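As structure tokens, the structure follows; a few thoughts come after it.
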Amino acid sequence: MNSPSVVAPVTGAAGQFLSGAGLLLRGLAVYARSPKLVLLGIVPALLSGILLLGAFVALVWFVDELAALVTPFADDWSTGLRNTVRVVAGLALLGVGGLLAVVTFTALTLLIGDPFYERISELVEQRYGGTPDQVEVPFWKALRRSAADSVRLVAVSALVGVPLFVAGFIPVVGQTVVPAIGVAVGGWFLALELVGASFQRRGMGLPDRRRVLGTNRTMSLGFGTAVFVCFLIPLGAVLIMPAAVAGATLLTRRSLGQPVEEV
């Protein structure tokens, strides 16, 4: 009699989405209980954040010139119409730049801080019963595989960014619907990126990540979107990154049907 009231809230799309977002909060709680890892987890994110922030500031600084470069067709238009088109182009460039910055930040941070985030992920696994059928992968082989997967994900996100940039020119839709789609797309790529360590620990690669998270797409989107939004907050990416890794480990376990309650 009691089980429907417990299970029902997470069977619908909204429940699954919120359940995925809740994994980030659980990751934050797990991570906060290991103070010795706090500094180690933040340092790689801080280094990546400084690099990516510099790149994004450069984009903002040159956005007017770039907007003019991608809209040569407007050179002979009236001043008002030309300026309007280029403002829209600038906003679209900043939106796509933000999407790429978040995905690239995650990939770069995971590479720089691989030993630290691997440790965080392992601690989460131990807390919830360990890793079934764990596969031991040599450090350098794992790092090369992670780097290759990260490059592929960043490249795909860049390709996805092109139609989003073009759609940004559509009045109203380009300033409302397209940013929402961008957040969802970015969230999906973040989820794929962040579960890398826990999937690799099970001998599973990027195709496996896509397949498994694809069967749990709404929950994965809930988690990834929550991380993406947090990453947009100043210093949010630096502070949340370790918790995102912990939450991603929980997402892996839940997606594979493994326990997510402490033993």
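Note that the structure is predicted; figures quoted are calculated from it, not measured.
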Point-to-point distance, once rounded to the nearest 0.5 Å, from CD1 of Ile181 to OG1 of Thr176
9.0 Å

Could you see if Ile42 belongs to whatever hydrophobic cluster contains Leu51? Use Ile, Leu, Val, Met, Phe, Trp, Tyr and a side-chain cutoff under 4.5 Å.
yes

Hydrophobic clustering (ILVMFWY, side-chain heavy atoms < 4.5 Å, transitive) - are Leu190 and Leu25 grouped together?
no

Compare every heavy atom of Val212 with every heavy atom of Met204, then report the nearest pair and how far apart it is.
CE-CG2, 4.0 Å

If I compare all heavy atoms of Leu251 with all of Leu23, which pair ends up nearest, and what's the gap?
CA-CD1, 3.7 Å

Between Met241 and Ser48, does a side chain to side chain contact (heavy atoms under 4.5 Å, CB included) hold up when you go through it step by step?
CA-CA 11 Å; Met241 184 65 185; Ser48 299; over 6 Å; no

Linked, directly or transitively: Val102 and Ile50 (ILVMFWY side chains, under 4.5 Å)
yes

Scan for side chain to side chain donor-acceptor pair (under 3.5 Å) pairs involving residues 78-101, sequence neighbours excluded, and state none if there are none.
Thr71-Arg86, Asp75-Arg86

Heavy atoms only: give me the nearest Ala244-Leu194 pair and the separation to one decimal.
CB-CD1, 3.9 Å

Suppose we screen for salt bridge (Lys or Arg N to Asp or Glu O under 4.0 Å). Which residues come up paired with Arg211, at least two apart in sequence or across chains?
Asp208

Glu125: salt bridge (Lys or Arg N to Asp or Glu O under 4.0 Å) partners, not counting sequence neighbours:
Arg201, Arg202, Arg253

Are Leu53 and Val227 connected, step by step, through hydrophobic side chains (Ile, Leu, Val, Met, Phe, Trp, Tyr) whose heavy atoms are closer than 4.5 Å?
no

For Thr252, check side chain to side chain donor-acceptor pair (under 3.5 Å) against everything at least two apart and list the hits.
Ser198

Rounded to the nearest 0.5 Å, the CG atom of Leu206 sits from the CZ atom of Arg209 at a distance of 5.0 Å

Going by side-chain heavy atoms closer than 4.5 Å, which hydrophobic residues are tied to Leu91, directly or by a chain of links?
Val87

Step by step, would you call Tyr117 with Thr109 a side chain to side chain contact (heavy atoms under 4.5 Å, CB included)?
CA-CA 9 Å; Tyr117 296 125; Thr109 302; 3.3 Å; yes

How close do Cys230 and Ile240 get, counting heavy atoms only, and between which atoms?
CB-CG1, 4.1 Å

Output every pair passing ring pair (Phe, Tyr, Trp, His ring centres under 6.0 Å) with a member in residues 195-244, not counting sequence neighbours, ordered by first then second residue.
Phe105-Phe231

Taking all non-hydrogen atoms of both residues into account, name the closest pair between Thr104 and Leu100 and its distance.
OG1-O, 2.6 Å

Before giving the answer on side chain to side chain contact (heavy atoms under 4.5 Å, CB included), spell out for Leu213 and Trp188 the whole-Å C-alpha distance, their side-chain angles and the decisive distance to 0.1 Å.
CA-CA 9 Å; Leu213 294 194; Trp188 172 249; 3.7 Å; yes

Pairs satisfying side chain to side chain donor-acceptor pair (under 3.5 Å), at least one member in residues 215-233, at least two apart:
none

Which pairs count as ring pair (Phe, Tyr, Trp, His ring centres under 6.0 Å) when at least one residue sits in residues 44-102, sequence neighbours excluded?
Phe73-Trp77

Val70 vs Leu66, side chain to side chain contact (heavy atoms under 4.5 Å, CB included): CA-CA, chis, key distance, verdict:
CA-CA 6 Å; Val70 299; Leu66 291 172; 5.7 Å; no

Side chain to side chain donor-acceptor pair (under 3.5 Å): which pairs involve residues 228-246, sequence neighbours left out?
none

Just to verify, what does Pro179 make a side chain to side chain contact (heavy atoms under 4.5 Å, CB included) with, not counting sequence neighbours?
none

Taking all heavy atoms of Val260 and all of Leu250, pick out the closest pair and write down the distance.
CG1-O, 3.8 Å

Does the side chain of Leu110 come within less than 4.5 Å of Val245's, by heavy atoms?
yes

Please answer: with hydrophobic residues joined when any side-chain heavy atoms are less than 4.5 Å apart, are Leu221 and Val177 in the same cluster?
yes

For residues 39-59, which residue pairs qualify under salt bridge (charged side-chain N to carboxylate O under 4.0 Å, His left out), counting only residues two or more places apart or in two chains?
none

Rounded to the nearest 0.5 Å, what separation is found between the CG atom of Leu94 and the CG atom of Leu99?
12.5 Å

Who pairs with Leu18 by side chain to side chain contact (heavy atoms under 4.5 Å, CB included), at least two apart in sequence or on another chain?
none

